[in-house]
Enquirer: 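One structure follows; several queries about it will come next.
Nothing here was measured: the structure is a model prediction, and the numbers come from that model.
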Amino acid sequence: MGRAPSPAAALLLLLLLRAERLRGAELTFELPDSARQCFHEEVEQGVRLSLDYQVITGGHYDVDCYMEDPLGNIIYRETKKQYDSFTYRTEVKGVYQFCFSNEFSTFSHKTVYFDFQVGDEPPILPDMGNKVTALTQMESACVTIHEALKTVIDSQTHYRLREAQDRARAEDLNSRVSYWSIGETIALFVVSFSQVLLLKSFFTEKRPAHRAVHS
């Protein structure tokens with residue numbers, strides 16, 4: 001039979017499971033040239049929302065982004081940004097809209113990643129959000145582990161995006177080098193063939209034509 005977990009281990013597991021994720025969305029999508037993509041989310045009043053985005057591939061890795069509140073007011077706008085973060089606490093209840101625009105580009109296809117979160121993160125311990133309490137050693141360890149896990153998740157997301165961006169740049173550079181090599185090869189064959197014809201014309205003896213003489 002398996003050994004029963006200790007009370008300390010059970011408390012640690014329970015507290016970590018209580019760390020619920022915020023409501024939101026994390027998405028990577030394609031944004032064609034001269035196009036715009038919008039997303040909508042209904043949010044209550046006085047709720048914190050945050051938006052992090054980054055252009056992974058395409059062009060100069062830039063995109064236009066803006067966010068509107070339910071009244072149509074622009075609460076965030078940036079043009080030709082590679083990445084950015086935005087945090088806002090809502091003043092009115094309703095549907096908030098944020099859009100990514102590639103309308104300034106006529107041929108560059110973009111890949112965009114964003115992480116949109118709504119709400120404040122709930123406290124990992126029951127009494128942390130209500131009053132200041134002295135934490136036990138186990139509770140302090142749980143809070144430390146929780147913060148470390150959040151840092152690890154953020155770092156993994158960052159490095160995953162950087163890896164995708166670097167891979168796209170490497171593939172684009174490889175394609176350009178391949179096309180350049182093919183062009184150089186064709187040019188080399190054309191020049192070599194032209195030189196052979198030129199040298200052959202130098203060593204080809206032109207004999208004068210003889211006319212027959214009739215008496």
Side-chain angles (χ1 to χ4, degrees), residues 19-122 124 146-180:
E20 300 175 357
R21 292 186 58 86
L22 304 179
R23 180 169 61 93
E26 185 177 5
L27 181 65
T28 301
F29 67 97
E30 304 290 334
L31 185 62
D33 53 277
S34 304
R36 179 176 60 180
Q37 182 70 46
C38 295
F39 303 88
H40 307 79
E41 182 71 22
E42 185 172 359
V43 185
E44 298 291 334
Q45 182 180 2
V47 175
R48 177 182 177 273
L49 55 84
S50 63
L51 174 65
D52 300 308
Y53 65 90
Q54 179 177 340
V55 181
I56 302 177
T57 63
H60 296 287
Y61 300 89
D62 54 355
V63 71
D64 294 344
C65 180
Y66 67 89
M67 182 179 294
E68 293 182 354
D69 65 8
L71 302 178
N73 301 319
I74 301 295
I75 58 178
Y76 170 81
R77 181 189 294 275
E78 289 291 343
T79 58
K80 295 185 178 181
K81 296 283 290 188
Q82 294 184 357
Y83 58 89
D84 201 11
S85 300
F86 171 69
T87 302
Y88 178 77
R89 190 164 293 276
T90 60
E91 298 179 356
V92 295
K93 175 184 177 181
V95 177
Y96 285 76
Q97 171 182 266
F98 59 97
C99 299
F100 298 94
S101 174
N102 194 30
E103 295 172 312
F104 60 87
S105 178
T106 56
F107 58 87
S108 296
H109 188 90
K110 308 289 177 63
T111 303
V112 183
Y113 161 85
F114 75 84
D115 183 11
F116 182 72
Q117 300 293 337
V118 178
D120 294 304
E121 184 177 3
I124 186 174
H146 178 63
E147 295 298 329
L149 289 176
K150 287 174 55 180
T151 303
V152 170
I153 293 174
D154 293 339
S155 299
Q156 287 179 337
T157 301
H158 171 74
Y159 288 120
R160 177 168 55 86
L161 294 176
R162 287 295 301 271
E163 187 273 336
Q165 190 177 68
D166 293 341
R167 184 177 65 251
R169 289 179 177 177
E171 291 176 352
D172 180 64
L173 180 61
N174 180 67
S175 299
R176 294 186 181 187
V177 171
S178 299
Y179 291 142
W180 180 261

Enquirer: As an exercise, state the distance from CD of E26 to CG of D115, rounded to the nearest 0.5 Å.
Expert: 4.5 Å
Enquirer: Would you please name every residue forming a side chain to side chain contact (heavy atoms under 4.5 Å, CB included) with N73, sequence neighbours left out?
Expert: D69, L71
Enquirer: Is there a donor-acceptor pair under 3.5 Å between the side chain of T111 and the backbone N or O of V55?
Expert: no
Enquirer: Mind jotting down which residue pairs meet the disulfide bond (SG atoms under 2.5 Å apart) criterion with at least one end in residues 55-108? Sequence neighbours excluded, please.
Expert: C38-C99
Enquirer: For residues 51-65, which residue pairs qualify under salt bridge (charged side-chain N to carboxylate O under 4.0 Å, His left out), counting only residues two or more places apart or in two chains?
Expert: D62-K110
Enquirer: Applying ring pair (Phe, Tyr, Trp, His ring centres under 6.0 Å) as the test, list every pair that has at least one member in residues 31-65; sequence neighbours left out.
Expert: F29-F39, F39-F98, F39-F114, Y53-F100
Enquirer: Hey, could you give me each pair passing salt bridge (charged side-chain N to carboxylate O under 4.0 Å, His left out) that has a residue in residues 29-38? Not counting sequence neighbours.
Expert: none
Enquirer: Restricting to pairs with a member in residues 67-86, which pass ring pair (Phe, Tyr, Trp, His ring centres under 6.0 Å), not counting sequence neighbours?
Expert: Y76-F86
Enquirer: I want to check something: taking the side chain as every heavy atom from C-beta on, are H109 and P32 in contact at a cut-off of under 4.5 Å?
Expert: yes
Enquirer: By the salt bridge (charged side-chain N to carboxylate O under 4.0 Å, His left out) test, which pairs, at least two apart or in different chains, include something from residues 87-101?
Expert: E44-K93, R89-D120
Enquirer: The criterion is side chain to side chain donor-acceptor pair (under 3.5 Å); which residues satisfy it with R77, sequence neighbours excluded?
Expert: none
Enquirer: Are side-chain heavy atoms of Q45 and V92 found at a separation under 4.5 Å?
Expert: no
Enquirer: At what distance, to the nearest 0.5 angstrom, does CG of L49 lie from CD1 of I75?
Expert: 6.0 Å
Enquirer: Looking only at heavy atoms, what is the nearest atom pair of S108 and G59, with distance?
Expert: OG-CA, 3.6 Å
